[in-house]
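Everything numeric in this text was worked out from a predicted model, so none of it was measured. Protein chains get the first letters and strands the later ones, always in sequence-line order, with residue 1 at the start of each.
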Amino acid sequence: MNDVSKLQDFTKGIIKENPVFVALLGMCPALAVTSTVETAIGMGILVVFVLTLSNVIISLVRKLIPDEVRIPAYIVIIATFVTIVRMLTQAYAPALYESLGIFIPLIVVNCIILGRATSFASKNNVGRSFLDGAGMALGFTLALFTIGFIREFFGTGGISYGVYLPLATEGKLLNITSPLFNIGILTGPAGGFIILGILLATFKQFDLNKQAKLKALKKAEALSKAAQNKTLGGLA
Amino acid sequence: MSWTIFFTAIISSMLINNIVLLRFLGVCPFLGVSKKTESAMGMSLAVIFVMVIASFVTYVLYYFILEPLSITYISTIAFILIIASLVQLVEMFLKKYGKKLYRSLGIYLPLITTNCAILGVVELNIGSGFATEFGILNGLFVAMSTALGAGLGFALVLFAFSSIRERLDQAPLPLAWKGVPVALVTAGIMALAFIGLGGIV
């Protein structure tokens, strides 16, 4: 039982309560840094680092912080980790640092991180907060990767690697030179909005279909039960 | 020093580098409070107000305290604390001396601390190095003009978008597209229109 709930702490953020697609949080980075897959993954890694560590620290000190200054204290903790991450990125991945630009300091005001701090880490123990933070951040990374993949693949016809992340090699996967995979607006600002809108509508449609199916199933069950009762009643 | 520099700063941050549509800052309030024109206007007024004051305070803080002491690496922490306390201060001040303004802006002010448009514009101001380009004092005014333009751009887009959204609510849409998805696609089309303004200045 305990193991199951622990696993749920981790997995719920990835798909069921995905911060971007379900909770609609962190829209700014989801639109701004997803013009290529690499910047999307880079942002995701930074958020994994910040969210996991800030959740752990906030959960550790949650009983020491008075309720009135909760939010400012959380913001300072988060801002500290963002500063650390910023310096590390500047030192080890300068190209990523350049291309993410102001969106690295803006992790401080990312609603996902403060939201998890107030709604989860301030109420639960360290282990659970760690799992929750890691799961949510991975869900965020997955969402960013999805948007980035669609935008880069349909915008340029391939996925380049080694440009922003410090990888050993540099190159391009899936190089397709067809006008169908060269939709210029997708890599621009407008593409971000449109692709995210289409993705949200698609996920909502899946959800609606599932709900309709469940409803139909319940109805059929109730009908068959009623019929059974009737035949039973007739026999009696 | 001619006035054209300030005018250019306002126009370019308002239309050419519109913070919502082209820089993706403040998308959350853009989607959150744009359902009604009235609340959209209240929010944008609060944003303009805080943005200009915040860029003044952070500029002074950065160039007169952080840089002389060479502790610019804590700028992010300093800025977010400044913005949070500034919002609180403005709220208290308005509550006491500007009852009417407080009634219209009051509920939007607490939301502004976590509005990434404010921190974003402040960071952009410092990052674009106005102080080295125009001198420290003129740089301050250019930074404030940029913030004013950015706030006005936010207001313009929010106003236009809330008007569109009021009509979109009446439109016969598929259930899955209602609300945020169609709003995002609309914003995308607006962003396309704003790209066309690129050559003004």
Segment of Leu22(B) engaging chain A (4.5 angstrom heavy-atom cut-off): both
Side chain, backbone, both or neither: which part of Phe103(A) has a heavy atom under 4.5 Å from chain B? side chain
Checking side-chain contact (heavy atoms from CB on, under 4.5 Å) for the pair Leu119(B)/Leu106(A): CA distance, chi angles, key distance, verdict? CA-CA 7 Å; Leu119(B) 187 63; Leu106(A) 284 180; 3.8 Å; yes
Looking only at heavy atoms and a cut-off of under 4.5 Å, which of Leu25(A), Leu200(A), Leu31(A), Val109(A) has the most pairs with chain B? Leu31(A)
side-chain contact (heavy atoms from CB on, under 4.5 Å) assessment of Ile102(A) paired with Arg23(B): CA-CA 10 Å; Ile102(A) 59 161; Arg23(B) 284 202 194 274; 5.7 Å; no
Atom of Arg86(A), atom of Thr76(B) and distance for their closest heavy-atom approach: NH1-OG1, 2.9 Å
Heavy atoms of Val185(B) and Gly197(A) approach each other most closely as CG2-CA, 4.2 Å
Take Ile74(B) and Thr83(A) through the test side-chain contact (heavy atoms from CB on, under 4.5 Å) and record every step on the way to the result. CA-CA 7 Å; Ile74(B) 65 156; Thr83(A) 308; 5.7 Å; no
Given heavy-atom pairs under 4.5 angstrom as the criterion, report whether the side chain, backbone, both or neither of Ile198(A) touches chain B. both
Count the heavy atoms of every other residue, nucleotide or ligand shown that sit under 6.0 Å from OH of Tyr164(A), and state whether that count exceeds 12. no
Between CZ of Phe24(B) and CE of Met27(A), what distance do you get to the nearest 0.5 Å? 11.5 Å
How far apart are the closest heavy atoms of Ala176(B) and Ala201(A), and which atoms are they? CB-O, 3.6 Å
Taking side chain as everything from C-beta outward and backbone as N, CA, C, O, which of these in Ala84(B) sits under 4.5 Å from a heavy atom of chain A? Side chain, backbone, both or neither. neither
Taking atom CZ of Phe159(B) as the centre, does the number of heavy atoms from other residues, nucleotides or ligands within less than 6.0 Å exceed 12? no
At a 4.5 Å cut-off on heavy atoms, which part of Ser75(B) comes close to chain A: side chain, backbone, both, or neither? side chain
Which atoms of Thr202(A) approach chain B - backbone, side chain, both or neither, heavy atom under 4.5 Å: neither
Sub-4.5 Å side-chain heavy-atom contact between Val180(B) and Leu24(A): yes
Picking from Ile80(B), Ile77(B), Leu31(B), which has the most non-hydrogen pairs under 4.5 angstrom with chain A? Ile77(B)
Output the option from Val82(A), Thr80(A), Asp207(A) having the highest count of non-hydrogen pairs under 4.5 Å with chain B. Thr80(A)
Which answer fits Ile195(A), side chain, backbone, both or neither, if we ask what part of it has an atom under 4.5 Å from a heavy atom of chain B? neither
Need one label for Leu208(A): side chain, backbone, both or neither, based on atoms under 4.5 Å from any heavy atom in chain B. side chain
Would you mind checking which part of Ile83(B) comes under 4.5 Å of any heavy atom in chain A, side chain (CB onward), backbone (N, CA, C, O), both or neither? neither
Counting only heavy atoms not in Gln88(B) (residues, nucleotides, ligands), do more than 12 fall under 6.0 Å from its CD? no
Looking at every heavy atom in both Pro189(A) and Leu21(B), which two are closest together, and how far apart are they? CB-O, 3.6 Å
Under a 4.5 Å heavy-atom cut-off, does chain B meet the side chain of Ile185(A), its backbone, both or neither? side chain
How about OH on Tyr74(A), more than 12 heavy atoms from neighbouring residues, nucleotides or ligands closer than 6.0 Å, or not? yes
Of all of Gly179(B), Pro181(B), Ala191(B), which one pairs up most often with chain A through heavy atoms under 4.5 Å apart? Pro181(B)
